[in-house]
Amino acid sequence: MIIREGYLSKIRPFIGKDIIKVLTGIRRSGKSVLLQQIRDEINNPNTIFINFEDLGNRHLCEYNKLHDYVCEIIGNSKERFYLFFDEIQEVDGWEKTVNSLRVRYDADIYITGSNSRLLSGELATYIAGRYISFVVYPFSFMEFKAVNASNTFDGYIRFGGMPFLSSINFEPELSRNYLRDIFNSVVLKDIVKRNNIRDVDMLERVISYALANAGKNFSATSISKFFKAEKRTVAPETILNYLKWCEEAYLLYRLKSQDINGKKMLKVNEKYYTADHGLREAVAGENLQNIETVLENIVGLELFRRGYDVNVGRVGEREVDFVGKKDGGKLYIQVCYLLNEETTIRREFGSLLDIRDNYPKYVLYKESSFKGNHEGIPAIRIEDWLLGE
């Protein structure tokens, strides 16, 4: 088990503060382990830790029973208690319990959940302004290397970053089965059950299409036409709902398109990326045959990990893979597999050269005979960029 210092460093300033710490992200991305690491770092005997996916705790999956259970443990104590609730969305009406415990006791509360709607609806009413959220992603390449220094970038491309894979030494068949199990769990528990979807087969087809076409421009209408050609009918509005629910379950991330020089958002050319490219390999297959798309997915998710708001950029007819915004600044990134031929060099650097500002610009590549920079824009090996600041 590696210590996920990148997340701990962000959470530490809020330990002991009267604000609820919420960890969200796709299932099996490491939220539970991170919650345990926070508990171990606090190291206080006044700790209550409950995992609501443990059937032994199913009797606590109603807000009033959970509330009574915690109150019985704390009693009349005036000491601070540290409360850790893992996969809190399994508790019906959990918001009422969390808010009551917050106002009733000196309670430092940490919760995890696998759906972004954890932070909407009633939660906003009960504890508005009283929580801070952190999205937990699967392992970055840096964390992947930290597990075992012999792990290679090609291995990361193939397997992705789901933490448990290191426990089975990335054995191909076991890893593939595990990733498919995660996919099925996300689909059934966080999408189908939560949204009362009846046509599960069509949902899975839409998700498979989105995974296979991650990083490519497509629309709900184009997907609808694709299925119509296969003699299956599904309305664009239904597809949009499916994609939205996949976003809420952290399976997919949608990137909007931005006219960089015009400084406005566009309603076309949106793209979707997946939370873990290993899931893409397990469900859609052929990561190595779609290497450009997978490399884009890896870079896009790394920008999210580093705290950037991320869009796709447009400069006239040209596309910029990523526009990252953070703390009032920006950066622009082009991603490619091979940076060898003159036409490729002109294409990848050309989009960035057309941008009329002085924010940092990079071309990231996997393989290249080109070194250094082109007209002041550096070319960096993706592996090195992922291991850098």
Side-chain angles (χ1 to χ4, degrees), residues 2-15 17 19-38 53 84-90 94 98 109-121 123-124 127-144 160-164 182-183 185-186 189-191 194 210 214 243-256 271-280 296-311 322-327 386:
I2 70 167
I3 302 300
R4 304 196 75 176
E5 180 58 33
Y7 296 103
L8 290 172
S9 64
K10 295 176 183 177
I11 296 168
R12 281 192 191 100
F14 300 97
I15 291 177
K17 300 295 192 301
I19 189 167
I20 298 167
K21 278 66 71 173
V22 183
L23 310 183
T24 61
I26 191 170
R27 285 182 181 270
R28 307 296 174 251
S29 60
K31 301 185 298 296
S32 298
V33 172
L34 181 58
L35 204 64
Q36 293 166 6
Q37 291 179 0
I38 298 169
E53 288 199 317
F84 297 86
F85 300 139
D86 197 9
E87 297 295 351
I88 190 70
Q89 77 276 350
E90 300 297 327
W94 65 269
V98 168
I109 303 174
Y110 302 79
I111 64 178
T112 77
S114 301
N115 195 286
S116 65
R117 269 192 277 170
L118 192 75
L119 303 178
S120 63
L123 175 58
I127 54 175
R130 291 294 185 181
Y131 69 85
I132 184 167
S133 63
F134 306 88
V135 179
V136 180
Y137 300 93
F139 280 166
S140 66
F141 180 56
M142 184 178 290
E143 291 174 315
F144 183 80
M162 285 298 180
F164 180 75
I182 293 177
F183 174 77
S185 180
V186 170
K189 291 186 178 181
D190 296 324
I191 303 177
R194 184 171 291 274
L243 293 173
K244 180 186 72 173
W245 294 332
C246 287
E247 288 183 74
E248 291 175 347
Y250 296 101
L251 178 61
L252 296 177
Y253 287 83
R254 176 169 58 101
L255 270 61
K256 296 181 180 180
K271 291 185 177 183
Y272 288 85
Y273 292 93
T274 181
D276 182 72
H277 53 282
L279 287 174
R280 182 194 184 280
E296 281 188 31
N297 205 116
I298 290 171
V299 171
L301 265 291
E302 182 64 20
L303 287 170
F304 282 125
R305 285 189 191 91
R306 297 183 185 188
Y308 286 93
D309 291 325
V310 188
N311 295 315
F322 299 110
V323 180
K325 301 177 183 179
K326 183 172 70 170
D327 300 332
L386 292 169

Inset, instruction - Decide yes or no for Phe141 and Ile298: does some side-chain heavy atom of the first lie under 4.5 Å from some side-chain heavy atom of the second? - result: no
Legend entry - Main-chain N/O of Ser114 paired to Lys189 side chain as donor or acceptor, under 3.5 Å: no
Legend entry - Pairwise distance CD1(Ile15) to OH(Tyr110) - rounded to 0.5 angstrom: 4.5 Å
Inset, instruction - Enter the distance from Ile11:CD1 to Leu34:CG here, rounded to the nearest 0.5 Å. - result: 4.5 Å
Inset, instruction - Please name all residues satisfying ring pair (Phe, Tyr, Trp, His ring centres under 6.0 Å) with Tyr273, sequence neighbours left out, ordered by chain then number. - result: Phe322
Legend entry - Nearest heavy atoms of Val98 and Ile109, plus distance in Å: O-CD1, 3.8 Å
Inset, instruction - Please identify each residue that fulfils side chain to side chain donor-acceptor pair (under 3.5 Å) with Ser32, with sequence neighbours left out. - result: Asp86
Legend entry - Donor-acceptor contact below 3.5 Å, side chain Tyr7 vs main chain Lys31: no
Legend entry - Where Lys10 and Pro13 come nearest, the two heavy atoms and their spacing: O-CD, 3.4 Å
Inset, instruction - Decide yes or no for Arg254 and Leu243: does some side-chain heavy atom of the first lie under 4.5 Å from some side-chain heavy atom of the second? - result: no
Legend entry - Where Ile191 and Ala249 come nearest, the two heavy atoms and their spacing: CG1-CB, 3.8 Å
Inset, instruction - Rounded to the nearest 0.5 Å, what's the gap from CG on Leu301 to OG on Ser140? Could you check? - result: 10.5 Å
Inset, instruction - Mind running side-chain contact (heavy atoms from CB on, under 4.5 Å) on Trp94 and Ile111 for me, showing each step along the way? - result: CA-CA 10 Å; Trp94 65 269; Ile111 64 178; 3.6 Å; yes
Legend entry - Partners passing salt bridge (charged side-chain N to carboxylate O under 4.0 Å, His left out) against Arg305 (at least two apart in sequence or in another chain): Glu302
Legend entry - Residue list, side-chain contact (heavy atoms from CB on, under 4.5 Å) with Lys244, at least two apart or on another chain: Asn241, Glu248
Legend entry - Pair Glu296 + Arg280, salt bridge at N-O below 4.0 Å: no
Inset, instruction - List for me each residue that meets side chain to side chain donor-acceptor pair (under 3.5 Å) alongside Asn297, sequence neighbours excluded, and say none if there are none. - result: none
Legend entry - Residues which pass salt bridge (charged side-chain N to carboxylate O under 4.0 Å, His left out) with Arg194, listed by chain and number, not counting sequence neighbours: none
Inset, instruction - Go through the structure and list residues passing ring pair (Phe, Tyr, Trp, His ring centres under 6.0 Å) with Phe144, not counting sequence neighbours. - result: Tyr156, Phe170
Legend entry - Which residues share a ring pair (Phe, Tyr, Trp, His ring centres under 6.0 Å) with Phe164, sequence neighbours left out: Tyr178
Legend entry - Donor-acceptor pair, side chain of Thr112 and main chain of Glu87, under 3.5 angstrom: yes
Legend entry - Non-neighbouring partners of Glu143 that pass side chain to side chain donor-acceptor pair (under 3.5 Å), sequence neighbours left out: Arg4
Legend entry - Partner set under salt bridge (charged side-chain N to carboxylate O under 4.0 Å, His left out) for Asp276, not counting sequence neighbours: none
Inset, instruction - Work out which heavy atom in Ser29 is nearest to a heavy atom in Gly25; give both atom names and the distance. - result: OG-C, 4.2 Å
Legend entry - Leu8 versus Gln37, closest heavy-atom pair with distance: CD1-OE1, 4.0 Å
Legend entry - Phe139 and Ile2: CA distance, side-chain angles, deciding distance, side-chain contact (heavy atoms from CB on, under 4.5 Å) verdict: CA-CA 10 Å; Phe139 280 166; Ile2 70 167; 4.0 Å; yes
Legend entry - Spatial distance of atom CZ (Phe183) from atom CG (Leu279) [nearest 0.5 Å]: 8.0 Å
Legend entry - Steps toward side-chain contact (heavy atoms from CB on, under 4.5 Å) verdict (Asn115, Thr24): CA-CA 7 Å; Asn115 195 286; Thr24 61; over 6 Å; no
Inset, instruction - To the nearest 0.5 angstrom, please state how far the CD1 atom of Ile26 sits from the CD1 atom of Ile182. - result: 7.5 Å
Inset, instruction - Would you please name every residue forming a ring pair (Phe, Tyr, Trp, His ring centres under 6.0 Å) with Tyr308, sequence neighbours left out? - result: none
Inset, instruction - Find the distance between CG (Asp327) and CG (Asp309) and round it off to the nearest 0.5 Å. - result: 10.0 Å
Inset, instruction - Please test Arg27 against Glu53 for salt bridge (charged side-chain N to carboxylate O under 4.0 Å, His left out), starting from the C-alpha separation and ending with a verdict. - result: CA-CA 12 Å; Arg27 285 182 181 270; Glu53 288 199 317; 2.3 Å; yes
Legend entry - side-chain contact (heavy atoms from CB on, under 4.5 Å) assessment of Tyr253 paired with Val310: CA-CA 10 Å; Tyr253 287 83; Val310 188; over 6 Å; no
Inset, instruction - Would you please name every residue forming a side chain to side chain donor-acceptor pair (under 3.5 Å) with Lys21, sequence neighbours left out? - result: Asp108
